[in-house]
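Letters go in sequence order (proteins before strands), and every chain restarts at 1. The structure displayed is predicted, hence computed values, not measured ones.
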Amino acid sequence: MAVHDVEAGKAQIRNTVCSSCDISCTVSAKVVDGQVVKVFSSDNPLFRDNICMKGIYAPKGFAHPDRITHPMKRVGERGSGKFEKVSWEEAMGDIASRLKVIVDEHGPEALAVSTSEWNSSTDNGSGRRFMNLLGTPNYISGVALCAGNTAAVNRLVYGWFPQPDYANTECIVLFGHNPKRHSWTPIYNNIRKAQARGAKLIVLDPRKSESAERADIWLPLKVGTDAAMTFGWLKVIIDEELYDKTFVEKWCIGFDELKARVDEFPLSRVAEITGVDEALIAKAARMYAENLSIIPWTPITDQQRNSTSAIRLHASLRAICGNLDVPGGEMLMGLSPDITAANLFELHDVLPQEQKDKQLGADKHPVFTYRAMQKLTEVTEKVWGHPWVNIVMGSFMATPSAVFRAMADGDPYKVKAFFVLSNNALMSYANMKLIYRAMMNQDLIVVHEQFMTPTAQLADYVLPGDAWTERNSLFDAFGWASMTKSSQKAMEPPGECRGVFDFWRDLAHRMGFGNHFPWQTTEDILDERVEKVSGSFQEFAETYDVHIPKMAYKKYEKTGFATPSGKVELYSSILEEFGFDPLPYWREDPAPDPEFPHSLFTGVREDEYFQTGHRHIPELRNRRPEPMLFISPKTAQEEGIVEGEWVSVQSKTGEVRLMTSVRENMPEGLLRVPHGWWKPEEAQGKEHLSGAWAFSDAQVCPDDDDFLDLEQGIPHLKGIPCRVAKITQMEAAE
Amino acid sequence: MSIVERKQEKIKGLVKQQKIGMMFGRAIGKRRKNLVDRLLVVVASRLSPPSDPAKSFMRDDICDAEPEFSLEELETYRGQRDG
């Protein structure tokens, strides 16, 4: 084990990749006597300053007194919060036995799995591999509403999910995105560096965010109107002939049809829908078209009623303006030719077609399921060298709402086992009450976690998970980028903590298909992944902070695009085949409900926390101890609410309790609800779920048809009708 | 020159630059550098501006403080579990 001594015989520095969030910053860890005592910025110039407070205070998470360090078995009724320690052998033996009974009785599709792979890092394709060998297609993840779905929709248009070239771009467009020093840190640094060398910044956000304050143009659009706004940009760009006609003629299909649809959106209509002045819309559109521009991925557009159309419209802009697969624009990186991507181990080809056809939600909302993505396997192999490419885990997923309905009601078939790895599933999707009901109706729930989350509190088994400095791993932006970063294990995990690869490998052997898991350890599969360039993972990690393959641009000129036509599909042949509108469209909001006069958005990251994590780390919690509602001064005044008061924010689906923070930059009638709140210090068990019943935003997020994107079935989190009412501090604590 | 032509010209220039830039990038991305990598890094550092105008926004009090936890502090903290 090679290390870099900084204090002879005592401290060591390990180069590792932070998994406090999903951005994967390369950082350094100082290790003393086998314990990580400090996390700090990498000395590699490529990654310097890519660190935030979540990484800096991570040692307090690794050493946290509440870490789960032994397998735990439920001993009371489900959700009683009563567990006892058991051995790994006992836990895995019983899990395998009970899973076999469920599979025998209901079929392999009765197992559903939910993961967050940035937390676990060591999956290496093993989860989907296990599922495919067992025969279940019912995989879900938070990436269904965060990047994975965007990847799938981008693939429909031009066959890959592009990466922005911040180093060379002339113009950056942020749709609701607000990267900050301690949230989306590398993106923030890249944007600030680009601005410092003269790149323009356009921000579209209902709030005057920090990014909006630094922008050349700020468009304060109404929440959830990204698709309508992009129609407006296209109207200007096409009418004023600012697009690349040669590229369109040679490489796009459906331009005339798209133009006809765009013509339905004169700027007066776009201004009415979005609330932004026509001249400002036109100015921004021109700035985008006249420059080498990028529209970095943002989870804001992922989470809207018109998400599929909005993502396709962004993709159309990139393509017709000549910003696709060029320096300064957005690059279609493809797979690394040298390092094997984790997703190539998933074995989707072994899952029988009849099982793929059972994937939940695919009938109504097929975009990121096998049903749609399978249409791309042949062309993906031709262009990118492998048929079953799964970018950001977002291809070949079931629809989360459909999975939870099957778990709860057995419709269209029973799902009776739910495995949740490094993922607080109860609070990570819309409609928490449904998810709770779904989990309470299971025969077997296994959770692999570091802490006793609300989800873990409902489990039959809670297995102790390792943390990111406690394992070796490789990072390639979850198959999105061709660059690969190494992360070295810095210390041993506490107690009996293990990685997820060990879980799947062990279970595969117990289920009778261990021969398909020939690796003994995570390091064995990492060795295999890097074997083209290094003798072992350790050698690779000692050689590379990041392995960068040779880059080429406009690769489509040799291969075509990985779409059925080989071209950019502005008019989607796949969506047409499934009976959807083959062109992007605008779907109006449901009629206003006077009972719910305001509108809320959720899903936005806070500096201190990532999703449902980190509330247990004292230094972070002290900075932001309570979940805060952001509300405009005028709306607060109208509701009789003042700074610091507790309120209940209610939608048709449920309510959440928050402390008021009156913000000048919030527009009237729009409420910002923080994502992922629970209080680890509060009582466990189904009655309280450590505060999740009081504070989790998943309770106000609806998943009925009016609030689901039609093609993907993902929920609309940007503009949920709501109301607000004052409550006492005592009521907030109940 | 039309907008599209200007962008195409810019792209052509960047493609050439990027071939060299990626060579430097690959060398910088290596932790264990061979002689060629080391030479490339030296050249890259000479070509880079002497000071980073962006630096002021890339650090702040939390990052600059670089907090380090003592083994004793972490032991006491962890011990709350067993105690």
**Message:** With a 4.5 angstrom heavy-atom cut-off, is it the side chain or the backbone of A:K60 that approaches chain B, or both, or neither?
**Reply:** both
**Message:** Quick check on the structure: residues of residues 16-23 of chain B within a heavy-atom distance below 4.5 Å of chain A, by number.
**Reply:** B:Q18, B:M22
**Asked** Checking A:Q195 against chain B: side chain, backbone, both or neither under 4.5 Å from a heavy atom?
**Response** neither
**Asked** What is the distance from atom CG of A:N168 to atom CG of B:L14, rounded to the nearest 0.5 Å?
**Response** 4.5 Å
**Complete:** When every non-hydrogen atom of A:I51 is compared with those of B:C63, the smallest separation belongs to O-SG, 3.8 Å
**Request:** Could you look at A:A289 and say if it's the side chain, the backbone, both or neither that has a heavy atom under 4.5 Å from chain B?
**Result:** backbone
**Message:** I need the minimum non-hydrogen distance between B:K7 and A:L292, along with the two atoms involved.
**Reply:** CE-N, 4.1 Å
**Asked** Looking at B:K10 and A:E170, does any basic side-chain N land under 4.0 Å from a carboxylate oxygen?
**Response** yes
**Request:** Flag the one option from B:R6, B:K33, B:E73, B:E75 with the top tally of heavy-atom pairs under 4.5 Å to chain A.
**Result:** B:R6
Show me, pair by pair, the donor-acceptor contacts under 3.5 angstrom made by side chains of residues 35-46 of chain A, not counting sequence neighbours?
| residue | atom | partner | partner atom | Å |
| --- | --- | --- | --- | --- |
| A:Q35 | OE1 | B:R78 | NH2 | 2.3 |
| A:K38 | NZ | B:E66 | OE1 | 3.2 |
| A:S41 | OG | A:D49 | N | 2.8 |
| A:S42 | OG | A:N44 | N | 3.0 |
| A:D43 | OD1 | B:R31 | NH2 | 3.2 |
| A:N44 | OD1 | A:L46 | N | 2.9 |
| A:N44 | ND2 | A:D545 | OD2 | 3.0 |
| A:N44 | ND2 | B:I28 | O | 2.9 |

**Item:** Which atoms of A:K550 approach chain B - backbone, side chain, both or neither, heavy atom under 4.5 Å
**Value:** both
**Asked** What are the two closest heavy atoms between B:P67 and A:Y57, and how far apart are they?
**Response** CG-CE2, 3.9 Å
**Request:** Check each atom of A:R623 against the heavy atoms of chain B and say whether the ones under 4.5 Å are side chain, backbone, both or neither.
**Result:** side chain
**Message:** Using heavy-atom distances under 4.5 Å, tell me whether A:F62 contacts chain B through its side chain, its backbone, both, or neither.
**Reply:** neither
